[in-house]
Amino acid sequence: MKARFWSITLLGLVLASFCSAETIRVAAAANLTFVLPRLDTAFRLGHPGTGVTTTFGSSGNLVSQIRQGAPYDVFLSADMAFPRKLIASGDADAGSLKPFVYGKLVLWTVNPAVPLSSVAEVVRNSKVVKLVIANPRTAPYGYAAQEAIARLGLMEVAVPKIVVAENIAQAAQFVSSGNADAGFVALALVLAPNVKDRGRYIEVPQDLYTPIAQGAVLTSRGAHKEAARAYLKFLFSAEARMTFRRFGYGLP
């Protein structure tokens with residue numbers, strides 16, 4: 001009888017834990033494609049009752065989804081401007097917005113015939129027929145790439161070569177597959193374990209583009225969730241900062 005009592009009690013506790021489990025929905029810029037799953041796993045280990053689901057895309061497209069009612073709790077942007085747009089429209093919590101990393105832009109190729117002595121040389125090179133960048137209107141890394149090309153005075157040379165990807169992860173796919181001869185991508189993407197030994201890259205000098213401060217913010221939906229606030233706090237923990245650093249990000 002006693003054994004039966006404890007079995008029923010244990011079953012009740014298990015069912016209660018499932019009922020009380022909460023899932024955080026994160027909308028994240030595509031440059032975080034490889035680093036964030038590691039952080040989500042670490043967060044879940046420290047918060048056993050909380051699940052995390054993450055959707056990646058260009059920051060601008062994710063903003064549109066949130067404004068249209070997509071049920072995200074946390075928005076991790078590739079800049080600070082897109083989160084501020086959500087705050088202005090009443091779709092995010094102003095008090096929660098903070099820069100969590102600084103991104104770095106690189107020029108990457110898997111084509112051994114493309115020299116990488118400088119960004120200007122790559123853009124000018126006749127062997128570079130297709131040069132990929134992410135959409136500058138919706139992807140901050142794409143805007144940074146456009147800015148770098150313009151500051152070098154090479155926009156006229158670059159425009160006939162430019163292929164526009166939907167987001168920075170897709171831009172990296174174009175380079176990796178050989179569908180582009182070279183491309184401006186996030187350093188974090190070329191440092192990912194399954195990519196870092198492919199091709200060659202050079203960092204784009206940081207004086208060629210505005211610093212890429214990436215902002216984390218709670219949406220209006222997430223602002224009322226303790227688990228979402230805990231997730232945001234975790235992104236600034238020593239463990240998370242160490243992981244971000246390994247993927248080449250600068251830290252606030």
Side-chain angles (χ1 to χ4, degrees), residues 11-103 137-141 167-169 188 212-244 247 249-252:
L11 177 62
L13 289 171
V14 170
L15 289 174
S17 69
F18 274 109
C19 292
S20 63
E22 187 173 16
T23 297
I24 304 165
R25 291 175 172 80
V26 180
N31 68 89
L32 299 165
T33 297
F34 295 116
V35 64
L36 209 57
R38 293 167 179 258
L39 294 174
D40 290 349
T41 298
F43 176 78
R44 283 193 294 266
L45 287 172
H47 299 77
T50 304
V52 183
T53 61
T54 305
T55 299
F56 296 100
S58 67
S59 299
N61 286 343
L62 292 171
V63 164
S64 296
Q65 291 175 28
I66 292 168
R67 282 177 166 174
Q68 291 166 16
Y72 297 124
D73 303 305
V74 179
F75 175 43
L76 304 180
S77 179
D79 69 358
M80 297 293 287
F82 281 119
R84 287 184 180 123
K85 287 183 179 180
L86 283 182
I87 290 168
S89 63
D91 294 298
D93 174 38
S96 66
L97 176 59
K98 292 180 182 177
F100 64 104
V101 292
Y102 284 89
R137 290 183 297 177
T138 57
Y141 280 83
N167 56 56
I168 201 67
I212 304 173
Q214 299 197 209
V217 72
L218 294 172
T219 65
S220 297
R221 168 194 171 98
H224 305 293
K225 289 188 174 183
E226 191 59 40
R229 291 190 175 276
Y231 181 85
L232 208 60
K233 183 178 179 181
F234 171 75
L235 293 181
F236 294 88
S237 68
E239 181 180 3
R241 288 168 70 85
M242 188 181 302
T243 302
F244 281 130
F247 278 78
Y249 288 103
L251 300 173

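Values below: every heavy atom of this structure, side chains too, minus hydrogens, waters and symmetry copies. Positions are given from 1 along the sequence. All values reported here derive from a predicted model rather than from experimental measurement.
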Going through the distances and angles, do F82 and F75 end up as a ring pair (Phe, Tyr, Trp, His ring centres under 6.0 Å)? CA-CA 10 Å; F82 281 119; F75 175 43; 7.5 Å; no

Search all heavy atoms of [X] against all heavy atoms of [Y] and return the closest pair with its distance.
| X | Y | result |
| --- | --- | --- |
| A78 | I212 | O-CG2, 3.2 Å |
| A29 | S59 | CB-OG, 3.6 Å |
| A92 | V217 | CB-CG2, 3.9 Å |
| K85 | R67 | O-NH2, 3.2 Å |
| A28 | L36 | CB-CD2, 3.6 Å |
| T23 | D73 | O-OD2, 3.8 Å |

State plainly whether the residues R84 and D79 are in salt-bridge range, i.e. N to O under 4.0 Å. no

Approximate separation, where rounding is to 0.5 Å, of [X] [atom1] and [Y] [atom2]:
| X | Y | atom1 | atom2 | value |
| --- | --- | --- | --- | --- |
| M242 | L39 | CE | CG | 11.5 Å |
| L218 | I87 | CG | CD1 | 10.0 Å |
| F34 | F56 | CZ | CZ | 9.5 Å |
| R241 | L251 | CZ | CG | 4.5 Å |

side-chain contact (heavy atoms from CB on, under 4.5 Å) assessment of D93 paired with T219: CA-CA 6 Å; D93 174 38; T219 65; over 6 Å; no

Is there a donor-acceptor contact under 3.5 Å linking the side chains of [X] and [Y]?
| X | Y | value |
| --- | --- | --- |
| S58 | N61 | yes |
| Y141 | Q214 | yes |
| Y72 | Q65 | yes |
| D40 | T54 | yes |

Above 12 or not: heavy atoms from other molecules or residues under 6.0 Å from CZ of R44?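 Atom CZ in R44 is packed in, count exceeds 12.
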
Taking the side chain as C-beta and beyond, is there a heavy-atom pair between E22 and E226 under 4.5 Å?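 No, their side chains stay 4.5 Å or more apart.
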
Is the Y249 to F100 ring centre distance short of 6.0 Å? no

Any donor-acceptor N/O pair, S77 side chain to M80 backbone, under 3.5 Å: no

Please test I24 against F43 for side-chain contact (heavy atoms from CB on, under 4.5 Å), starting from the C-alpha separation and ending with a verdict. CA-CA 11 Å; I24 304 165; F43 176 78; 3.7 Å; yes

Show the numbers, then the answer: is there a side-chain contact (heavy atoms from CB on, under 4.5 Å) between R38 and F247? CA-CA 11 Å; R38 293 167 179 258; F247 278 78; 3.6 Å; yes

Could you go through T55 and V26, starting from their C-alpha distance and side-chain angles, then the distance that decides it, and tell me whether this counts as side-chain contact (heavy atoms from CB on, under 4.5 Å)? CA-CA 6 Å; T55 299; V26 180; over 6 Å; no

Considering only distance and modelled atom types, tabulate donor-acceptor pairs under 3.5 Å from the side chains of residues 233-240, sequence neighbours left out.
residue : atom : partner : partner atom : Å
S237    : OG   : F234    : O            : 2.7
S237    : OG   : A240    : N            : 3.2

